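The structure appears below as C-alpha cells.
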Amino acid sequence: MSKTVHLDEEECIGCASCVEICPEVFQMKEGDDKAEVIKPEGGPEELIQEAIDTCPVSCIRWEE
Ligand code: SF4
C-alpha cells in the first residue's frame, strides 16, 4: 500500500499546526505563509493523520 501526503497550498492559511505536529513531513515555505510537504511518501503515519485531523481548513489529505 503506497499512499502519499497531499497538501492543497491554495487552501492553506499558514497556521503551522501541521509543521508543529509533524515537522518531518511538513514545513513552512520560505517567504510564504503556506505549508508544504517535504516528504510526500510519508513518515510517522499517526502524526500525519493527526495533522490531517487538526488542519483547520482540511487541506491535507492522503492520496492513494
Ligand atoms: S495545518 Fe493546514 S492550514 Fe495550517 S499550515 Fe498546515 S496545511 Fe496550512
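Just so you know, these numbers come straight off a predicted model, no measurement behind them. For the numbers below, each heavy atom of this structure counts, side chains included, while hydrogens, waters and symmetry mates do not. Just so you know, residue 1 is the first one in the sequence shown, and it goes up from there. Order of listing sets the numbers, starting from 1, for every ligand and every atom in it.
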(request) Write down the atom of Ile13, the atom of Pro56, and the distance for their closest heavy-atom approach. (result) CD1-CG, 3.9 Å
(request) Considering heavy atoms of the protein only, find what lies nearest to atom 5 (S) of ligand 1 and give residue, atom and distance to 0.1 Å. (result) Ala16 N, 3.1 Å
(message) Can you confirm whether Ile60 sits close enough to Phe26 that some side-chain heavy atom of one is under 4.5 Å from a side-chain heavy atom of the other?
(response) yes
(request) Could you tell me whether Asp8 atom CG has more than 12 heavy atoms of other residues or ligands within 6.0 Å of it? (result) yes
(message) Counting neighbours of CD on Glu46 that are heavy atoms of other residues, nucleotides or ligands and sit closer than 6.0 Å, is the number greater than 12?
(response) no
(message) Counting C-beta onward and ignoring hydrogens, is there a side-chain heavy-atom pair between Arg61 and Lys3 closer than 4.5 Å?
(response) no
(message) So, at under 2.8 Å, which protein N, O or S atoms would a careful student list around atom 2 (Fe) of ligand 1?
(response) Cys55 SG
(request) Taking atom CD of Glu10 as the centre, report whether more than 12 heavy atoms of other residues, nucleotides or ligands fall under 6.0 Å from it. (result) no
